[in-house]
Amino acid sequence: MRQTKRKRGTSPVLEEPKEVTEGAEQDRKSITKHKKHKAVKANPREKKPQEEYKCWLMKSEPETRIEKGLDMKFGIEDLMAQPSQTACWDGVRNYQARNFMRAMKIGQQAFFYHSNCKEPGIAGIVQIVKESYVDHTQFDPKNPHYDASSSQDNPKWSMVDVQFVRKLKRYIPLAELKKLHLNDKSSGGPLRNIALFTRARLSVQPLTQEEFDFILKLEDQKDI
DNA sequence: GCCAACGTTGGC
DNA sequence: GCCAACGTTGGC
């Protein structure tokens, strides 16, 4: 009933009083650096801060997996079955992933990635139809992603709404992307730095325009 | 502020 | 089901 997607994040873990632990990059830069002009060192993993991402990849689990009594299954077919083929991307409990969602703008596109399943890979494309707002599931004790350390006054977690755009002409398996990535690492090709492999476990990640376009072209090529 | 223990992600 | 990678916690 709930549109309980399977968005991945890391453990919220109870009462962790200080706002912003890790990764709240944005927030952190603004508040933590009253020190000196230590110059807001950008998180090195976060590429150039000035370069704004416009393309994304979002992971979801297409196969049934029960967590706290709820099925986390939410594949691209499930998104297509939603009213208006739209769903909120709740349940992200990782600061980096959250911050990327907060940076998303209406109309931007994301790959819909199938994780934790028989054949992981990119299944389709979605677009952002509502920019970040409070993820209500953090306040629901029944929800697998309930976060007791978050308060209504000062919510920790956000989500966006995504709408189905289309499936890719062919499913692009992780294994294929990995081969390309490995090649590109030595040759300096387009997928040399793709977050999928350089930032393991991040459930919401940015892609450069080059990465996004390159992957899109793969759908017209032969499977390998 | 360091870092070992712990928990989760997610490919294989 | 295993386990590597890695974020988070908490003792010191």
Side-chain angles (χ1 to χ4, degrees), chain A residues 4-29 31-36 38 41-47 56-76 78 89-102 110-123 135 137-138 143-151 154-159 171-183 185 191 193-207 215 224:
Chain A
T4 322
K5 278 144 256 36
R6 200 328 88 150
K7 275 71 36 47
R8 302 257 144 207
T10 352
S11 60
V13 179
L14 319 197
E15 39 255 303
E16 165 258 303
K18 33 216 140 233
E19 155 68 343
V20 177
T21 314
E22 229 296 70
E25 278 81 32
Q26 251 75 316
D27 317 15
R28 204 196 238 157
K29 274 181 224 155
I31 63 182
T32 313
K33 311 297 186 173
H34 57 303
K35 274 300 174 197
K36 17 208 53 218
K38 183 59 165 184
K41 215 177 296 186
N43 180 339
R45 319 185 70 200
E46 198 122 335
K47 302 220 172 169
W56 313 95
L57 179 147
M58 303 170 87
K59 300 180 182 176
S60 191
E61 301 185 23
E63 294 174 5
T64 289
R65 190 175 61 81
I66 307 299
E67 187 176 337
K68 298 211 188 130
L70 290 184
D71 192 354
M72 295 295 106
K73 173 183 186 304
F74 195 80
I76 197 161
D78 299 301
W89 209 262
D90 60 276
V92 170
R93 297 292 181 269
N94 169 281
Y95 288 110
Q96 287 184 2
R98 179 203 69 178
N99 290 346
F100 283 132
M101 283 202 297
R102 288 181 174 180
F111 285 127
F112 191 108
Y113 178 89
H114 282 173
S115 69
N116 207 15
C117 57
K118 228 18 148 340
E119 187 178 37
I122 297 174
D135 176 348
T137 66
Q138 66 195 298
N143 192 280
H145 303 114
Y146 172 63
D147 184 353
S149 74
S150 185
S151 68
N154 191 12
K156 275 189 181 171
W157 307 110
S158 305
M159 62 187 182
Y171 189 76
I172 306 205
L174 177 65
E176 178 177 346
L177 293 168
K178 190 169 202 170
K179 282 180 201 158
L180 293 166
H181 166 65
L182 290 177
N183 276 339
K185 267 210 300 185
L191 299 189
N193 287 326
I194 188 169
L196 199 52
F197 302 110
T198 59
R199 306 173 68 168
R201 303 196 298 144
L202 193 54
S203 67
V204 175
Q205 36 181 271
L207 278 82
I215 291 171
I224 46 175

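Throughout, a chain's letter reflects where its sequence line sits, starting with A, and its residues are numbered from 1.
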Can you measure A:H181 atom NE2 to B:dG11 atom C1' for me and round it to whole angstrom units? 14 Å
Using atom CD of A:Q96 as one end and atom C1' of C:dC6 as the other, report the distance to the nearest whole Å. 10 Å
Looking across every strand, which nucleic acid part, if any, lies under 4.0 Å from A:K118 by heavy atom: base, sugar-phosphate, or nothing? nothing
Please determine whether a side-chain nitrogen or oxygen atom of A:Y113 lies at a distance below 4.0 Å from atom OP1 or OP2 of B:dT9. no
Quickly work out the A:K68 NZ to B:dG7 C1' distance and round it to whole Å. 13 Å
A:D147 atom CG is separated from C:dT9 atom C1', nearest whole Å, by 14 Å
So, OP1 or OP2 of B:dG11: does either fall under 4.0 Å of a side-chain N or O from A:K178? no
Can you tell me if A:K59 touches the phosphate of B:dG10, counting only side-chain N or O atoms and a distance under 4.0 Å to OP1 or OP2? yes
Determine the interplanar angle of the A:F112 and A:F74 rings, folded into 0 to 90°, and report it as parallel if under 30°, tilted if 30 to 60°, perpendicular if over 60°. tilted
Residues passing the side chain to side chain donor-acceptor pair (under 3.5 Å) test with A:Q138, sequence neighbours excluded, are A:S150
Expressed in angstrom and rounded to an integer, what is the separation of A:N116 atom CG from C:dC2 atom P? 16 Å
Which nucleotide in B:dG11, B:dT9, C:dT8 has an atom nearest any side-chain atom of A:R201: B:dT9
Figure out the CZ/C1' separation between A:R93 and B:dG7, and round it to whole Å. 16 Å
ring-ring contact (aromatic ring centres under 6.0 Å, His included) partners of A:F111, counting only residues at least two apart: A:F212
Rounded distance (Å) that lies between atom P of C:dG7 and atom CZ of A:F100: 12 Å
Centroid separation A:Y95 to A:W157 less than 6.0 Å: yes
What is the distance, rounded to the nearest whole Å, between atom NE2 of A:H114 and atom C1' of B:dG11? 16 Å
